[in-house]
Amino acid sequence: MIDRLLGRAELKERIEELEEEKRHLERRAEAEEERRSDAVADRQRAEERVNELEHRIESLEERLERAEGTEASVEFRRVSDLRGPKLTDALDRFRAVESDDPEGLLTAFVPDADSVPATVADWFGERAALVRRAAPAVVLADDTGAVSVALTPPIAPDPFDRWSDRFRLNESWFRPTGRFAFALVRSDTFAVGTYEGADRVAFEGFASDVKEAHSKGGFSQGRFERRREGQIDDHLDRATEALSEVADANDLDRVIAVGERSVLGRVRDRADVTDVSDATGKPEAALDDAFRDFWRVRVRAV
């Protein structure tokens, strides 16, 4: 009676209505959080699955080529990875080859398996299957059959093919030349160096505190993942700003960025060349590892 007289009854009823509405909204929010958590987990699983499938596809493509008729017996005669002095020596040997015939030596850059030039396909015949497997590659051959090799260049040139009296091997495709920036970008680590040739003359790097992936599911995972993604976004914003400052403040021939596939897109517009790298560790050591791995050239005797 007193509650009704003082208007408290209506207030209590309104409070009950609002509490019921609140419970309803909380249930909706929780359901939405679960959907978001599932989406985050699905995305993580998808990225892992993509990497796994890429390796499996490459393996299956090789098996398929070996199983298809004449390609079954075609294999690389030798495969090796070269860097540093050994790579320099190998390139010098190829450059020393000359032909009295102005069209005795073939050089071509094959960007992918679907872009083998007719000159390469005609010359290699059934071994063109190896060229497709080696792509992207700079392919060298001579009209005597003494030279037959595919080199994987760290810096890909524009596609070309030509017969000449010398092989076309630009140093900048295979070796660090000029003044350039080289950066490693990961979701929790960033490092960038300014280089003159193979010598690093400046360095900047940092690591950010990014929480590890969370897989418990439910309402708490949504909050955790939003916080983690925010930490990654902050780290990548800082990395992009640092890379931009290095690129703008120096007279550079090019900017190279390597790192995790999932984050390279954030800096792609600031880089002339990008590539995947699994280098980890403290920023400076990780940068050195990534740099060494990037300038590795795979040599396949076709």
Side-chain angles (χ1 to χ4, degrees), residues 81-95 107-112 135-140 150-162 164 166-186 189-206 236-261 263-279 283-299:
D81 290 332
L82 302 180
R83 60 167 66 89
K86 289 187 177 180
L87 173 60
T88 299
D89 179 61
L91 293 176
D92 287 344
R93 293 187 192 189
F94 290 130
R95 293 191 182 102
T107 313
F109 176 64
V110 181
D112 56 62
V138 175
V139 179
L140 310 178
L151 312 174
T152 304
I155 305 293
D158 293 330
F160 72 92
D161 60 288
R162 70 170 195 179
S164 181
R166 288 177 177 269
F167 291 126
R168 180 185 174 189
L169 292 170
N170 192 317
E171 185 77 0
S172 65
W173 302 344
F174 302 99
R175 300 274 296 152
T177 61
R179 185 176 175 85
F180 63 96
F182 184 91
L184 171 67
V185 186
R186 298 184 59 82
T189 305
F190 173 78
V192 60
T194 300
Y195 293 79
E196 293 180 357
D199 298 324
R200 175 155 51 85
V201 297
F203 170 79
E204 179 181 353
F206 53 83
L236 294 177
D237 286 343
R238 186 181 172 192
T240 302
E241 182 178 356
L243 182 59
S244 298
E245 289 176 355
V246 170
D248 294 339
N250 296 277
D251 184 17
L252 303 177
D253 297 325
R254 59 186 177 275
V255 176
I256 302 170
V258 302
E260 292 178 65
R261 187 189 305 274
V263 302
L264 278 176
R266 291 286 292 269
V267 299
R268 187 164 281 119
D269 62 344
R270 300 299 301 168
D272 302 298
V273 178
T274 59
D275 197 9
V276 177
S277 172
D278 59 2
E284 189 166 9
L287 182 67
D288 289 342
D289 288 345
F291 186 86
R292 189 182 309 109
D293 187 62
F294 179 82
W295 294 107
R296 178 194 63 179
V297 174
R298 177 153 291 181
V299 181

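When a residue number appears, it is its place in the shown sequence, counting from 1.
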Enquirer: Indicate the ring-plane relationship of Phe94 and Phe167, choosing parallel, tilted or perpendicular according to the 30° and 60° boundaries.
Expert: perpendicular

Enquirer: Has Arg95 got a side-chain atom pairing as donor or acceptor with Leu169's backbone, closer than 3.5 angstrom?
Expert: yes

Enquirer: Given the rule in the side-chain hydrogen bond (donor to acceptor under 3.5 Å, both in side chains) test, do Ser244 and Arg270 qualify, once you have shown the distances and angles that lead to the verdict?
Expert: CA-CA 7 Å; Ser244 298; Arg270 300 299 301 168; 3.1 Å; yes

Enquirer: Looking only at atom types and distance, does a side-chain atom of Thr107 sit under 3.5 Å from a main-chain N or O of Arg168, one as donor and one as acceptor?
Expert: yes

Enquirer: Could I get the full list of ring pair (Phe, Tyr, Trp, His ring centres under 6.0 Å) partners for Phe203, not counting sequence neighbours?
Expert: none

Enquirer: How close do Pro111 and Pro136 get, heavy atom to heavy atom, and via which atoms?
Expert: O-CB, 3.3 Å

Enquirer: List, one per line, each side-chain donor-acceptor pair under 3.5 Å for residues 81-90, sequence neighbours excluded.
Expert:
residue : atom : partner : partner atom : Å
Asp81   : OD1  : Arg298  : NE           : 2.8
Asp81   : OD1  : Arg298  : NH2          : 3.4
Asp81   : OD2  : Arg298  : NH2          : 3.0
Arg83   : NE   : Arg292  : O            : 3.3
Thr88   : OG1  : Gly84   : O            : 3.3
Thr88   : OG1  : Arg175  : NE           : 3.4
Asp89   : OD2  : Arg93   : NE           : 3.0
Asp89   : OD2  : Arg93   : NH2          : 3.0

Enquirer: Could you pull out the closest heavy-atom pair between Ala286 and Ala279, with the gap in Å?
Expert: O-CB, 3.5 Å

Enquirer: I'd like to check the side chain to side chain contact (heavy atoms under 4.5 Å, CB included) partners of Pro154; sequence neighbours left out, ordered by chain and number.
Expert: Phe174, Phe294, Trp295, Val297

Enquirer: Would you call Val246 and Glu204 a side-chain contact if the rule is heavy atoms closer than 4.5 Å?
Expert: yes

Enquirer: How close do Asp251 and Arg179 get, heavy atom to heavy atom, and via which atoms?
Expert: O-CD, 3.3 Å

Enquirer: Using side chain to side chain contact (heavy atoms under 4.5 Å, CB included) as the criterion, list what pairs up with Ala239, not counting sequence neighbours.
Expert: Phe190, Phe206

Enquirer: Any side-chain heavy atom of Pro157 within less than 4.5 Å of one from Phe109?
Expert: yes

Enquirer: Got a sec, which residues hit side chain to side chain contact (heavy atoms under 4.5 Å, CB included) with Asp199, two or more places apart in sequence or on another chain?
Expert: none

Enquirer: To the nearest 0.5 Å, what is the distance between CG on Asp293 and CG on Asp275?
Expert: 8.5 Å

Enquirer: For Ala247 versus Leu252, what's the shortest heavy-atom pair and its separation?
Expert: CA-CD1, 3.8 Å

Enquirer: I need the single residue from Val192, Thr274, Ile155, Asp272 that forms a side chain to side chain contact (heavy atoms under 4.5 Å, CB included) with Ile256. Which is it?
Expert: Ile155

Enquirer: CG of Asp278: more than 12 outside heavy atoms within 6.0 angstrom?
Expert: no

Enquirer: Do you know the tightest heavy-atom contact between Pro153 and Leu151?
Expert: CD-O, 3.2 Å

Enquirer: Show the nearest heavy-atom pair for residues Ala290 and Leu184, with the distance to one decimal.
Expert: CB-CD1, 4.2 Å

Enquirer: Holding to side chain to side chain donor-acceptor pair (under 3.5 Å), I want the full list of residues that pass it with Thr152, two or more places apart in sequence or in another chain.
Expert: Arg300

Enquirer: Answer whether the closest heavy-atom distance between the side chains of Pro176 and Phe182 falls below 4.5 Å.
Expert: no

Enquirer: Can you label the angle between the Trp173 ring and the Phe160 ring as parallel, tilted or perpendicular, going by 30° and 60°?
Expert: tilted

Enquirer: Apply side-chain contact (heavy atoms from CB on, under 4.5 Å) to the pair Leu236 and Val267, showing each step before the final yes or no.
Expert: CA-CA 8 Å; Leu236 294 177; Val267 299; over 6 Å; no

